[in-house]
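Single-structure report; data block below.
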Amino acid sequence: MIKRDIQKKLDEALRIAKQNYSIQSGIEIASNPAFGDYATNLAFLLAKELKSSPKNIAEKICEELSKIPQIDVSFKAINGFINISLSQDFLWEKACHLLNNPLRFNASQEPILLEYVSANPTGPLHIGHGRWAVLGSALANLLRFVGMKVNTEFYINDSGNQIRLFYETIQAIQDKRPIPEGGYHGQYMTELAQAALDPLESNILQQKKILGQIDVSFDLWYSEKSLHESGKAQVILDLLKEKNASYTEEGALWFKSSDYGDEKDRVLIKADGHMTYFLVDLAYHYDKVVSRGYTRLINIWGADHHGYVPRVRAGLIALCGVIYKEPHHFKVMIGQLVNLLRNGEPVRMSKRTGDMITLEEVIEDIGKDATRYFLIEKNPDSHIEFDLELAKKNTMENPVYYIQYAYARMCSILSKVTAPASESLSMELCPEERALLLANIRFEDEVWEAAELLSPYRVAHYAVSLARTFHSFYEKCSLIQAPPDVQGNRIVMLKLTQKTLGHCFDILGISAPTKM
RNA sequence: GUGCUUGUAGCUCAGUUGGAUAGAGCAACGGACUUCUAAUCCGUAGGUCGCAGGUUCGACUCCUGCCAGGCACACCA
């Protein structure tokens with residue numbers, strides 16, 4: 001990774017210049033290309049210790065560094081920052097290496113379980129589910145891309161009150177009786193009541209199909225009912241009793257979750273003798289950790305469930321140990337809801353179900369790529385507005401086409417040239433060429449940081465930025481009309497950019513068109 | 001009422017453990033197609049970072065209070 005490489009160069013230069021400091025500084029991308037390619041705030045961090053201004057310190061360090069024979073990078077002090085510029089040869093060498101070798105990351109191999117969507121099987125998926133689905137699948141792609149071990153799972157809530165009501169509703173429709181109190185309304189229920197299959201099965205199949213349309217799939221669909229049948233829920237009761245973490249009150253059995261960070265205690269067995277959803281969910285999480293050995297759990301839940309997080313965490317701490325207090329071991333990503341708009345106006349009603357517009361309708365309307373892109377693009381913490389008309393536009397308002405067009409352009413050019421690629425650099429790089437190489441070289445850091453922060457949206461932003469850099473390069477640097485040696489070098493640049501952008505598409509789960 | 005979350009340009013959003021003049025895109029305005037795809041590029045303009053204090057060499061970033069929107073506060077799932 002380039003930042004690490006630069007850090008090494010800096011450390012090496014400091015050592016040669018006999019400027020050893022204990023303070024660890026960071027390497028960041030220079031805020032302005034005029035300053036350099038990268039920068040470090042080392043001088044700011046040293047200011048207190050050396051009792052001098054960052055400006056003076058940076059200048060002094062750079063003066064020392066300028067005395068040593070240079071090692072691929074050069075240093076320049078401006079405003080207290082030490083700016084770092086990569087030599088052309090170093091940049092080129094790195095680019096060729098990236099083109100010819102697969103990326104390697106030193107990722108932890110601890111097993112990760114990513115659970116997402118887990119929508120109730122009693123109704124259609126809506127756009128919010130779509131957001132969590134796309135986020136989860138892109139996150140899985142991202143973590144796997146950097147070499148982490150991830151399994152994905154959909155927890156099917158196929159048991160309990162809701163399911164009972166669901167079947168009662170189906171029965172009522174079949175018997176042409178009114179829908180029971182608290183039952184399910186909507187056109188889709190009538191369709192399910194007429195289906196040949198079991199209505200619940202039928203609805204789950206439908207969910208699988210729709211998620212499949214946007215390339216969202218799971219390693220395992222885990223049934224809640226199976227936890228009842230296997231007696232795994234009962235095991236939890238025994239364990240909590242052993243740990244003296246449960247008690248009986250007012251006819252119900254309670255978990256002392258308030259001892260483990262929850263705001264109050266929670267019911268495990270209701271006074272009517274039924275298990276709560278919460279108890280079974282604890283069994284599910286216990287199963288993930290203890291039976292199946294996952295030490296890192298990531299769940300993606302809708303914002304309407306965020307209040308549920310502390311009690312599950314409490315359960316994990318009680319049952320599996322205090323490490324689950326740490327977000328690294330148990331992380332719940334809260335996806336905010338989505339407002340659907342059409343030409344700036346809110347759309348709520350669905351033609352088919354008479355309810356909220358469904359995910360299926362959105363996908364039909366705007367297609368897989370746009371659905372995925374618009375739902376991944378934004379930080380999941382933000383409440384987003386999703387404009388259906390905007391997502392369909394083939395204009396600059398739609399970044400999906402912008403990045404895909406860049407890719408198609410590269411493919412088109414490469415299909416036209418016959419000259420071989422040349423890795424021996426024969427020219428002085430112009431600013432556009434340099435910017436393109438730098439953008440490619442940044443990818444490793446970007447994707448790694450995105451993985452660490454569980455933020456696939458960063459990859460989407462990076463892709464747009466790389467596409468922009470490429471489009472500028474395209475305007476300025478013709479390939480076909482260039483002299484043969486320059487052409488050979490530019491082919492390397494194009495192939496590398498094509499490869500990098502291709503990685504982005506793979507992670508985002510968006511198609512990479514060779515022509516548009 | 002309590003908790004979580006959001007508030008940055010007209011709009012949609014970035015802003016990396018606190019660092020350089022707060023950045024992009026769209027929309028607006030002005031330019032560039034006999035050209036490897038103009039689904040593109042180049043330029044101009046646009047800001048009291050919700051408000052008020054505090055912490056320090058330095059705050060969009062951290063702390064406190066307030067304002068506004070969203071969500072949640074079940075022996076439902």
Side-chain angles (χ1 to χ4, degrees), chain A residues 3 24 26 28-32 34-35 39 41 43-45 47-48 53-54 78-81 83 118 120 122 157 159-163 165 182 224 249-254 263-264 266-278 280-281 302-310 334 336-337 339 344 374 377-379 381-387 390 393-406 408-417 445-446 449-450 452-453 455 457-458 461 464-465 467-468 470-482 490 494 515-516:
Chain A
K3 284 185 186 172
Q24 264 296 320
E28 55 191 82
I29 295 170
S31 63
N32 182 337
F35 293 143
N41 60 350
F44 287 91
L45 303 178
K48 192 171 258 177
S53 75
I78 304 170
N79 299 339
F81 286 85
N83 290 284
S118 300
N120 271 323
T122 51
N157 305 142
S159 141
N161 260 334
Q162 298 300 316
I163 299 302
L165 268 169
E224 177 188 353
E249 191 174 295
E250 293 175 5
L253 183 69
W254 297 71
E263 59 182 15
K264 56 185 241 188
R266 306 290 173 178
V267 172
L268 298 165
I269 304 281
K270 296 182 252 177
D272 66 7
H274 286 103
M275 293 176 177
T276 58
Y277 175 86
F278 172 57
V280 185
D281 209 12
D304 51 345
H305 286 81
H306 75 261
Y308 188 71
V309 177
I334 297 300
Q336 293 295 331
L337 300 160
N339 283 328
F374 278 98
E377 180 196 36
K378 302 198 171 98
N379 187 328
D381 287 338
S382 66
H383 311 240
I384 59 176
E385 310 220 311
F386 190 125
D387 196 307
L390 183 83
K393 282 189 189 168
N394 294 9
T395 68
M396 272 308 289
E397 289 172 78
N398 190 337
V400 183
Y401 293 99
Y402 185 80
I403 55 180
Q404 288 184 326
Y405 182 57
R409 264 185 157 173
M410 287 171 223
C411 295
S412 168
I413 298 168
L414 288 171
S415 73
K416 286 196 168 72
V417 292
D445 287 324
E446 291 290 333
E449 284 163 18
E452 288 210 304
L453 296 168
S455 300
Y457 74 90
R458 284 168 166 261
H461 291 298
V464 172
S465 148
R468 181 175 310 120
F470 166 74
H471 282 308
S472 289
F473 164 87
Y474 173 92
E475 295 290 329
K476 199 73 182 288
C477 307
S478 172
L479 196 141
I480 305 286
Q481 289 168 8
R490 285 184 180 161
L494 271 188
K515 96 174 44 156
M516 285 173 79

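All chains are named by letter (A, B, ...) in the order of the sequence lines, taking the proteins before the strands, and each is independently numbered beginning at 1.
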For B:rG47, give the paired nucleotide (Watson-Crick: N1-N3 plus N6-O4 or O6-N4; G-U: N1-O2 and O6-N3; both under 3.5 Å), or none.
none
Selection from B:rC13, B:rU16, B:rC73 that lies nearest to any side-chain heavy atom of A:K378:
B:rC13
So what's B:rU21 paired with, Watson-Crick or G-U wobble, going by both distances under 3.5 Å?
none
When you get a sec, tell me which of B:rA20, B:rG3, B:rA77 is the closest nucleotide to the side chain of A:N120?
B:rA77
Protein-nucleotide distance (A:M275, atom CE; B:rA77, atom P), rounded to Å:
12 Å
Considering Watson-Crick and G-U wobble pairs with both distances under 3.5 Å, what does B:rC62 pair with?
B:rG54
Pair partner, B:rG10 [Watson-Crick or wobble, under 3.5 Å]:
B:rC26
Using a 4.0 Å heavy-atom cut-off across all strands, classify A:K476 as base, sugar-phosphate, or nothing.
nothing
At 4.0 Å (heavy atoms only), tell me whether A:H471 reaches a base, stays on the sugar-phosphate, or touches nothing.
sugar-phosphate
Regarding the side chain of A:W254, the nearest nucleotide among B:rA20, B:rC75, B:rA72 is B:rC75
Once you apply a heavy-atom cut-off of 4.0 Å, does A:F278 come out as touching a base, just sugar-phosphate, or nothing?
nothing
With the side chain of A:D304 defined as its heavy atoms from C-beta on, choose the nearest nucleotide among B:rC36, B:rA20, B:rC71.
B:rC71
Between B:rA77 and A:H305, is there a base-stacking contact, meaning the centre of the base's six-membered ring lies under 5.5 Å from the residue's ring centre while the planes stay under 30° apart?
yes
Please check the phosphate of B:rA39 (OP1 and OP2 only) for any side-chain N or O of A:R409 closer than 4.0 Å.
no
Nearest to the side chain of A:N157, which nucleotide is it out of B:rA77, B:rC36, B:rU12?
B:rA77
Pairing nucleotide - B:rU2, Watson-Crick or G-U, each distance under 3.5 Å:
B:rA72
Under 5.5 Å and under 30°: A:Y402 stacked on B:rA39
no
Above 12 or not: heavy atoms from other molecules or residues under 6.0 Å from CD of A:Q481?
no
Students often get this wrong, so: under 4.0 angstrom with heavy atoms, is A:E28 touching a base, only sugar-phosphate, or nothing?
nothing
Classify the nucleic acid contact of A:S31 as base, sugar-phosphate or nothing, counting any heavy atom under 4.0 Å across all strands shown.
base
Describe the nucleic acid contact of A:A406 in one word from base, sugar-phosphate, nothing, applying a heavy-atom distance below 4.0 Å.
nothing
Just checking A:S465: base, sugar-phosphate only, or nothing, at a heavy-atom cut-off of under 4.0 Å?
nothing
Need one value for A:C477: base, sugar-phosphate or nothing, where a base atom within 4.0 Å counts as base even if backbone is also close, heavy atoms only.
base
For A:S478 and A:A482, the nearest pair of non-hydrogen atoms, with its separation, is O-CB, 3.5 Å
Contact class for A:L268 vs. all strands (heavy atom < 4.0 Å): base, sugar-phosphate, or nothing?
nothing
Within the structure shown, what part of the strands sits under 4.0 Å from A:D281 by heavy-atom distance: base, sugar-phosphate, or nothing?
nothing
With heavy atoms under 4.0 Å as the rule, sort A:R468 into base, sugar-phosphate or nothing.
sugar-phosphate
Could a donor-acceptor pair under 3.5 angstrom be found where the side chain of A:Q336 meets the base of B:rC71?
no
B:rA39 - base-pair partner by Watson-Crick or wobble geometry, distances under 3.5 Å:
none
